[in-house]
Amino acid sequence: MSTDTDIRTPAPPPPEAPRGPGRRRKPDTRLGDRVFAGLSKGSGITLLVIMGAIAAFLAYRAALALAKNEGNFLTTFEWNANAQPPVFGIAVLAFGTVVSSVIAMVIAVPIAVGIALFITHYAPRRLAAPLAYVIDLLAAVPSIVYGLWGALFLVPHLVGPYEWLDDLLGWTVVFSYDGGAPRSLMTAGILLAIMILPIITNVSREVFRQSPQTHQEAALALGATRWEVIRMTVLPFGRSGVISASMLGLGRALGETMAVATVLSPSAILSAKVLEPGGGTFAQNIASAFKEAGEFGRDALIASGLVLFVITLLVNGAARLIIARRKEYSGANA
């Protein structure tokens, strides 16, 4: 029996094959990650810089106008920036902007959510696809087309409904109507509701489509009706998405210019009667007065634009807070 120990040395590694013209080096994925991260961070920083530059420009030009204003910028009803001395304020504009946007949201959001639910859970496929296509087309219609349609068709046909509202709710003063062309904040709100309806519908529809199918099947297995399935699974899942869609629509309603300017009869009177002609909005006032405004008048309009800029930021910030407080309904946690 041999007592020799067989000592084996490890074989040397095979030599690396020469890198020929047909062989390519494996790409470094970490380098790609760093490039992508840098581009993403740069895009975010660029956006913040642009927003800051816009805010600084608006604040500087607004300060020039406010320094020479003889009226109270927040409470004065009159807008006469070209007078000597200039007197202008945003009381009527702020009221009209808020009221018309609230009217638009009250009308558009329930209808948009209902259409989105109908397309995703009730309509047969042959009807759902064409209906969704038509809604997408409505979102692409220019604002001036909506404005012309509102001025030539919507305004003449609102006299009857306004008289009906006056007979039914005229005692509230808010819905009292004394006749005349209905170029009012209510008309502007109705037109804005039609304009923002496709935006809210499309976003809500896509959110409802992402609701977990297993949750819906489980509810159906427990004997829930279709409406109970929507109420218990689809709506809670899509709540944050509907809020985001509503804020997108509200942003367009706040800043809409030509359509509102076409159907609204502006005045410097602040009235609680939303059916009566008069009122104004920030965007409508800028579009109407910019052509005749001098250098100081443009600064005054920029000051009103700064207020609209701040209102838009506050609205979006409030939406983000609402969504953050309802993370349990977000799609990531479903």
Side-chain angles (χ1 to χ4, degrees), residues 40 43-44 47-48 51 98 100-125 127-141 143 146 189-220 222 224-256 311-334:
S40 301
S43 300
L47 178 61
L48 294 177
M51 293 290 292
V98 173
S100 60
S101 299
V102 169
I103 292 173
M105 295 296 291
V106 170
I107 297 174
V109 172
I111 298 176
V113 172
I115 294 175
L117 289 175
F118 176 75
I119 292 176
T120 55
H121 291 83
Y122 285 95
R125 184 172 300 179
L127 177 61
L131 184 58
Y133 180 71
V134 171
I135 297 296
D136 293 337
L137 287 180
L138 288 177
V141 176
S143 299
Y146 278 112
I190 294 173
L191 184 61
L192 289 174
I194 297 173
M195 295 179 66
I196 67 177
L197 188 66
I199 300 174
I200 304 176
T201 301
N202 290 341
V203 177
S204 301
R205 183 188 70 208
E206 295 304 321
V207 172
F208 292 153
R209 281 180 175 174
Q210 303 300 321
S211 58
Q213 190 67 27
T214 55
H215 293 186
Q216 301 179 46
E217 294 174 354
L220 289 172
L222 293 174
T225 63
R226 181 176 298 183
W227 163 242
E228 289 173 337
V229 170
I230 293 174
R231 181 172 57 85
M232 293 185 298
T233 62
V234 178
L235 291 180
F237 176 85
R239 186 171 302 176
S240 60
V242 171
I243 294 174
S244 300
S246 302
M247 292 304 105
L248 286 175
L250 180 58
R252 181 173 185 183
L254 289 172
E256 184 52 50
I311 292 176
T312 305
L313 290 181
L314 292 177
V315 167
N316 285 276
R320 296 306 306 171
L321 289 177
I322 294 174
I323 295 174
R325 293 182 61 182
R326 296 183 177 275
K327 288 183 178 179
E328 66 272 15
Y329 297 114
S330 65
N333 298 329

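The model shown is predicted, which means the values in this text are computed figures rather than measured ones.
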Could you give the distance from [atom1] ([X]) to [atom2] ([Y]), rounded to the nearest 0.5 Å?
X    : Y    : atom1 : atom2 : value
I135 : I115 : CD1   : CD1   : 5.0 Å
L248 : I200 : CG    : CD1   : 8.5 Å
I196 : L138 : CD1   : CG    : 13.0 Å
E217 : T233 : CD    : OG1   : 10.5 Å
E256 : Y146 : CD    : OH    : 10.0 Å
L220 : Q213 : CG    : CD    : 8.5 Å

Could you check whether any side-chain heavy atom of [X] comes within less than 4.5 Å of a side-chain heavy atom of [Y], counting everything from C-beta outward?
X    : Y    : value
H215 : F237 : no
D136 : R205 : yes
L48  : M51  : no
L127 : F118 : yes
Q216 : H121 : yes

For residues [X] and [Y], report the shortest heavy-atom separation together with the two atoms involved.
X    : Y    : result
I230 : P236 : O-CD, 4.1 Å
V207 : G238 : CG1-CA, 3.4 Å
A123 : A128 : CB-CB, 4.1 Å
L197 : T201 : O-OG1, 2.7 Å
L192 : A104 : CB-CB, 3.6 Å
M105 : G249 : SD-C, 4.4 Å

side-chain contact (heavy atoms from CB on, under 4.5 Å) between F208 and I119, worked out: CA-CA 10 Å; F208 292 153; I119 292 176; over 6 Å; no

Check the pair R239 / V242 against side-chain contact (heavy atoms from CB on, under 4.5 Å), numbers first and verdict last. CA-CA 5 Å; R239 186 171 302 176; V242 171; 5.8 Å; no

Audit row: S101, R252, side-chain contact (heavy atoms from CB on, under 4.5 Å) steps and yes/no: CA-CA 9 Å; S101 299; R252 181 173 185 183; over 6 Å; no

